Amino acid sequence: MSIAEKVKDIIKPIMTEVELVDVEYKKEGSDWILRVYIDKPCGVTLDDCKAISDTIEPIIDAENILQNKYFLEVSSPGLSRPFKTKEGFKRNIGKLVDLSLYNSIHEQKHLSGIIKEIKEEGIILELTDKSVQEILLSNVAKATLVI
C-alpha cells in the first residue's frame, strides 16, 4: 500500500464535513509534498482547508508513516481536475462531462454527455445526441467536468 493510500485510510474517517477526493505524496525538487484534496457541495473555502489541515496534520504525524519531512497542502481539486471515484461521479450527476475510455464503445474512445444516474458498477450518460449509454466505471480511463 502506498503512503498516499495509507494517509487516505487514516484521515477518511474524520472527514465528516467535507469529501476526501484524493491524496498525493510526491517529491518536488528537494521537498516532499503531501497534498490532500477536499470538496463539498457548496465549494471549499480557505477556512475549510486550514481547518482540515490543522485537524489532520497531528494525526498523520502521530501515525509516523512519513519518513521524510514534508509540506502539507490541503486544497480543492479544482474544476478541471479529473475524477475517478464513484463519489466523484455522484458529485457530478446532472453535469456535462468528457470521458476517455480504455475500450471503445461504438468505435469511440471519447464521449461527452450528462451524467444521469450512477449504477452499482457504472454510470448512465446522456450523450450530446440525446442517446443514452451505460458505461462501466472500470472502462473509464479519465473523466473531467466540462467547464
Side-chain angles (χ1 to χ4, degrees), residues 1-105 109-127 132-147:
M1 182 182 284
S2 73
I3 289 177
E5 289 168 337
K6 289 177 184 176
V7 170
K8 202 182 282 190
D9 286 347
I10 291 165
I11 64 175
K12 189 167 185 154
I14 61 171
M15 297 285 181
T16 57
E17 301 295 317
V18 297
E19 174 192 352
L20 176 60
V21 175
D22 203 4
V23 175
E24 295 177 344
Y25 181 66
K26 60 183 169 178
K27 191 168 188 175
E28 293 184 1
S30 61
D31 298 323
W32 283 93
I33 309 294
L34 178 64
R35 285 195 182 92
V36 175
Y37 295 100
I38 59 172
D39 203 1
K40 62 183 191 179
C42 58
V44 175
T45 67
L46 189 55
D47 289 339
D48 294 326
C49 294
K50 177 159 180 17
I52 294 296
S53 179
D54 291 347
T55 301
I56 66 173
E57 190 167 30
I59 294 167
I60 294 167
D61 289 346
E63 291 291 327
N64 203 26
I65 58 172
L66 296 139
Q67 303 303 314
N68 303 299
K69 180 180 175 188
Y70 69 96
F71 293 96
L72 175 62
E73 295 179 2
V74 178
S75 69
S76 163
L79 290 176
S80 61
R81 181 170 176 83
F83 52 94
K84 49 192 169 190
T85 63
K86 193 171 189 176
E87 291 77 22
F89 284 97
K90 283 181 184 176
R91 184 175 57 251
N92 289 295
I93 288 176
K95 296 179 182 171
L96 181 62
V97 296
D98 283 332
L99 301 180
S100 296
L101 305 174
Y102 291 116
N103 301 303
S104 62
I105 297 176
K109 286 190 115 178
H110 300 280
L111 299 173
S112 292
I114 296 171
I115 300 173
K116 299 307 260 181
E117 185 181 344
I118 306 300
K119 298 273 192 166
E120 184 63 33
E121 295 188 24
I123 62 169
I124 304 297
L125 191 70
E126 182 182 299
L127 303 174
V132 176
Q133 180 68 52
E134 184 168 354
I135 300 161
L136 292 174
L137 290 176
S138 61
N139 191 26
V140 178
K142 181 179 175 185
T144 54
L145 192 61
V146 175
I147 302 170

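As the structure is a computational prediction, the values presented were derived from the model and not from experiment. Sequential numbering from 1 along the given sequence is applied to the chain's residues.
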Close side-chain approach of [X] to [Y], heavy-atom, < 4.5 Å:
X     : Y     : value
Asp31 : Ile33 : yes
Ile60 : Glu63 : no
Val21 : Arg91 : yes

(request) Walk me through it: do Val132 and Leu127 pass the test side-chain contact (heavy atoms from CB on, under 4.5 Å)? (result) CA-CA 6 Å; Val132 176; Leu127 303 174; over 6 Å; no
Over all atoms of both residues, closest heavy-atom pair of [X] and [Y]:
X      : Y      : result
Leu145 : Phe83  : N-CE2, 3.9 Å
Val44  : Ser76  : CB-CB, 4.0 Å
Asn103 : Asn139 : N-OD1, 2.7 Å
Ser112 : Leu125 : C-CD2, 4.4 Å
Leu20  : Val23  : CD1-CG2, 4.0 Å
Pro58  : Ser53  : CD-O, 4.5 Å

(message) How about CD1 on Ile147, more than 12 heavy atoms from neighbouring residues, nucleotides or ligands closer than 6.0 Å, or not?
(response) yes
(message) Take a 6.0 Å sphere around CD of Glu24 and say whether it holds more than 12 heavy atoms from other residues, nucleotides or ligands.
(response) yes
(request) Assess whether side-chain contact (heavy atoms from CB on, under 4.5 Å) is satisfied between Val140 and Tyr102, documenting all intermediate values. (result) CA-CA 6 Å; Val140 178; Tyr102 291 116; 6.0 Å; no
Can you list everything that forms a salt bridge (charged side-chain N to carboxylate O under 4.0 Å, His left out) with [X]? Sequence neighbours excluded, please.
X     : result
Glu5  : none
Glu73 : Arg35
Asp54 : Lys50
Asp22 : Lys8, Arg81, Lys84

(message) Check Lys119 with Glu134, please: is the shortest side-chain N to carboxylate O separation under 4.0 Å?
(response) no
(request) Check whether the side chains of Asp98 and Thr144 place a donor and an acceptor atom closer than 3.5 Å, and report yes or no. (result) no
First locate atom [atom1] of [X], then atom [atom2] of [Y], and finally report the distance between them rounded to the nearest 0.5 Å.
X      : Y      : atom1 : atom2 : answer
Ile118 : Ile123 : CD1   : CD1   : 6.0 Å
Ile124 : Lys116 : CD1   : NZ    : 11.5 Å
Asp39  : Ser75  : CG    : OG    : 10.0 Å
Cys49  : Ile38  : SG    : CD1   : 4.5 Å
Glu87  : Glu19  : CD    : CD    : 6.5 Å
Leu101 : Lys142 : CG    : NZ    : 13.0 Å

(request) Would you please test Ile52 and Glu57 for side-chain contact (heavy atoms from CB on, under 4.5 Å) and show each step? (result) CA-CA 8 Å; Ile52 294 296; Glu57 190 167 30; over 6 Å; no
(message) Any side-chain to backbone donor/acceptor pair from Lys86 onto Glu120? Under 3.5 Å, distance only.
(response) yes
(message) Keeping Asp48 on the side-chain end and Thr45 on the backbone end, is there a donor-acceptor pair under 3.5 Å?
(response) yes
(request) Please step through side-chain contact (heavy atoms from CB on, under 4.5 Å) for the pair Ile10 and Ile56, ending with a clear verdict. (result) CA-CA 9 Å; Ile10 291 165; Ile56 66 173; over 6 Å; no
(message) For Tyr25 together with Trp32, are the ring centres under 6.0 Å from each other?
(response) yes
(request) Not counting sequence neighbours, which residues clear ring-ring contact (aromatic ring centres under 6.0 Å, His included) with Tyr37? List them please. (result) none
(request) With sequence neighbours left out, write down each residue that passes side chain to side chain contact (heavy atoms under 4.5 Å, CB included) with Lys109, or none if nothing qualifies. (result) Ser104
